[in-house]
Amino acid sequence: MKTRFSWGNYPKQPQTATECYWQSDIQAALMRFQENGTLAYGQGRSYGDSCLASSNNVIYMRPFNRFISADWEKGILIAQSGVTLEEILTVAIPNGWFLPVTPGTKYVTVGGAIANDVHGKNHHRQGTFGCHVRSFSLYRSDISGSLKCSEYENTDLFHATIGGLGLTGIIESAEIQLMPIKSSRIQSITQRFNNIDEFFALSAELDEKHEFCVSWVDCVASGTNIGCGIYMAGDFADDGILKVEHRPKLSVPITPPFSLINSLSLRAFNQLYFHKSPTSRKISKTGYDPFFYPLDSILHWNRIYGRKGFQQYQALIPKDNAQDGVREMLNIIAKSGVGSFLAVLKYCGDIASPGLLSFPKSGVTLALDFPQNAERNSKLFSQLDAIVRQTGGRLYPAKDAHMSAEDFQAAYPNWQQVENLRDPALMSHFWKRVTQ
Ligand SMILES: Cc1cc2nc3c(=O)[nH]c(=O)nc-3n(C[C@H](O)[C@H](O)[C@H](O)COP(=O)(O)OP(=O)(O)OC[C@H]3O[C@@H](n4cnc5c(N)ncnc54)[C@H](O)[C@@H]3O)c2cc1C
């Protein structure tokens with residue numbers, strides 16, 4: 001049994017992981033740990049405590065990773081929940097299919113992608129991952145068996161499980177509709193913006209024209225340059241090249257005792273990154289891997305934050321208040337002098353998710369990492385939380401380690417419906433924190 005943590009290594013709640021290869025392993029683990037609350041664990045790419053079981057005993061689903069069937073005419077794939085998005089791409093791309101929605105890392109499992117109803121750079125075109133899940137099989141401890149869930153069968157559990165934070169049962173397998181592609185390469189546009197108002201202008205001009213859009217923002221820039229950054233948009237090319245990409249990988253071999261990210265290193269990196277980007281609009285063709293997964297080329301990059309770990313703050317500010325809300329947040333962050341080189345702005349559209357607790361809605365999401373420092377982060381986060389509250393926004397549970405019960409329940413009014421359908425054997429530290 002291996003000890004596992006969440007991606008941010010904060011809060012530090014070491015999890016003892018029981019490996020699951022067969023359905024009987026799921027059943028046995030649920031029985032064994034049900035009293036204090038267990039939870040499925042995929043690849044632990046959630047940052048805070050939503051992937052940590054309240055008993056600190058998780059059911060490790062990664063070995064539950066067989067493909068069950070594929071229809072390459074229709075692009076319909078059935079896979080066990082421990083299969084990763086990387087593994088799906090490996091079989092799908094040569095057949096002319098891609099994931100309809102992918103987060104910024106391919107190292108997540110199908111189970112994790114459904115439980116957090118993950119979104120990607122094309123939310124305005126394709127909605128969330130859950131919009132493309134046709135059905136799944138869900139193992140429940142209270143019936144000691146599985147249920148098929150879809151829009152037509154066990155619909156209440158279908159809706160509660162998509163974005164249901166792993167609390168409604170263990171997903172065994174899922175049927176996913178893939179997206180057809182004519183090439184695995186991306187025709188991309190890159191353009192610098194000098195402040196947050198220019199970001200909104202670019203976004204208004206280009207987002208609707210392109211499948212994928214995302215921006216990097218310099219969170220330490222201040223004054224007239226507040227919110228400067230780099231806008232990237234892209235679409236699949238049509239050159240007939242269908243190639244699975246395996247980029248050479250670097251790795252951070254150890255966790256240093258302290259964070260390598262501080263205001264000096266951050267300022268230097270951001271200046272360099274911004275000024276290295278082209279001043280005018282640049283069009284180029286790139287592989288899908290560097291476009292979607294730039295961070296995956298450095299394994300264990302989360303270690304650079306040192307032994308205390310880090311927290312990600314990801315908020316969504318609704319469309320009508322987005323420009324003022326995001327500007328105010330960036331102002332506060334710039335003044336604090338902390339932040340990360342990983343600061344991302346993304347526009348989300350209005351495609352509704354089938355999930356009850358899905359995070360994205362029409363607006364702009366801002367995501368930043370902060371080295372763990374209890375006093376400094378809690379002061380900063382409470383200022384940012386006030387803006388999120390005032391603008392009617394919300395925080396992303398998959399990234400969270402601080403949200404109050406009050407804020408969660410106000411932002412996710414369907415939480416009680418999920419609680420009513422929660423498998424009694426399942427409980428996370430996150431859910432305990434925000435509902436009890
Ligand atoms: C570099 C990076 C970039 C990211 N970019 C994005 C992004 O762009 N968009 C986005 O939405 N997210 C993003 N994320 C977050 C990540 O996509 C999600 O946290 C994802 O859910 C992690 O999947 P996982 O397999 O690691 O699951 P874990 O983190 O291990 O678990 C996540 C949840 O899934 C549940 N779960 C896992 N397996 C099962 C199962 N078989 N049955 C039931 N429940 C299960 C767990 O109980 C838990 O609640 C990013 C994360 C990283 C590290």
List the steps, then state whether side-chain contact (heavy atoms from CB on, under 4.5 Å) holds for Y305 with Q372. CA-CA 8 Å; Y305 287 95; Q372 180 51 24; over 6 Å; no
Restricting to non-hydrogen atoms, name the atom on [X] and the atom on [Y] that form the minimum distance, rounded to 0.1 Å.
X    : Y    : result
G37  : A53  : O-CB, 3.7 Å
K346 : V214 : CG-CG2, 3.6 Å
G130 : D117 : N-OD1, 2.7 Å
T128 : S358 : CG2-OG, 3.7 Å
M61  : I170 : CE-CG2, 3.6 Å
I196 : V326 : CD1-CG1, 3.9 Å

From [atom1] ([X]) to [atom2] ([Y]), nearest 0.5 Å:
X    : Y    : atom1 : atom2 : answer
L167 : D423 : CG    : CG    : 9.0 Å
L366 : L384 : CG    : CG    : 8.5 Å
T102 : F129 : OG1   : CZ    : 8.5 Å
T90  : H246 : OG1   : NE2   : 5.0 Å
F430 : D400 : CZ    : CG    : 5.5 Å
L345 : L368 : CG    : CG    : 8.5 Å

As a quick check of understanding, evaluate side-chain hydrogen bond (donor to acceptor under 3.5 Å, both in side chains) for Y347 and E208, giving each step before the final call. CA-CA 10 Å; Y347 162 59; E208 289 302 333; 3.2 Å; yes
Any side-chain heavy atom of [X] within less than 4.5 Å of one from [Y]?
X    : Y    : result
R394 : K361 : yes
T38  : L426 : yes
R303 : I254 : no
M329 : V388 : yes
I181 : L242 : yes
W431 : P397 : no
E172 : I26  : yes
I93  : Y288 : yes

Among side-chain atoms of Q15 and R4, is any donor-acceptor pair under 3.5 angstrom? no
Within the 3.5 Å criterion, strictly below it, is a donor on N414 or H159 matched to an acceptor on the partner's side chain? no
Sidechain-backbone polar pair: [X] side chain, [Y] backbone, donor-acceptor under 3.5 Å:
X    : Y    : value
D296 : K106 : yes
T161 : G164 : no
Y313 : L395 : no
S6   : Y47  : yes
N116 : V118 : no
R327 : A322 : no
N56  : T16  : no
Q43  : V108 : no
H124 : C348 : no
E328 : G325 : no

Show, in sequence, the C-alpha distance, side-chain angles and deciding distance for Q312 and K399, and conclude whether the side-chain hydrogen bond (donor to acceptor under 3.5 Å, both in side chains) test is met. CA-CA 6 Å; Q312 180 163 112; K399 307 286 182 71; 2.7 Å; yes
In terms of ring plane angle, is the pair Y396 and H119 parallel, tilted or perpendicular, where the classes change at 30° and 60°? tilted
Hey, what's the ring geometry for W7 with W301, parallel, tilted or perpendicular (30° and 60° as the breaks)? perpendicular
Does D235 form a salt bridge (Lys or Arg N to Asp or Glu O under 4.0 Å) with K209? I'd like the steps, not just the answer. CA-CA 9 Å; D235 300 278; K209 293 185 189 149; over 6 Å; no
Is the distance between the ring centroids of [X] and [Y] under 6.0 Å?
X    : Y    : answer
F292 : F98  : yes
F212 : F236 : yes
F370 : F381 : yes

Is the Lys NZ or Arg CZ of K12 less than 6.0 Å from the centre of F5's six-membered ring, within 45° of the axis? yes
Any carboxylate oxygen within less than 4.0 angstrom of a Lys/Arg side-chain nitrogen, looking at E86 and R62?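 No.
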Check step by step if side-chain contact (heavy atoms from CB on, under 4.5 Å) holds for V217 and F199. CA-CA 9 Å; V217 60; F199 160 78; over 6 Å; no
Starting from the C-alpha separation in whole Å, work towards a yes-or-no answer on salt bridge (Lys or Arg N to Asp or Glu O under 4.0 Å) for K74 and E175. CA-CA 12 Å; K74 296 184 177 147; E175 183 183 3; over 6 Å; no
Tell me, with the steps shown, if V83 and I88 meet side-chain contact (heavy atoms from CB on, under 4.5 Å). CA-CA 7 Å; V83 166; I88 293 182; 3.8 Å; yes
Step by step, work out the side-chain contact (heavy atoms from CB on, under 4.5 Å) result for L99 and L89. CA-CA 7 Å; L99 294 157; L89 292 177; 3.7 Å; yes
Salt bridge (Lys or Arg N to Asp or Glu O under 4.0 Å) for K285 and D239? Distances and angles first, verdict last. CA-CA 11 Å; K285 215 188 252 186; D239 56 19; 2.9 Å; yes
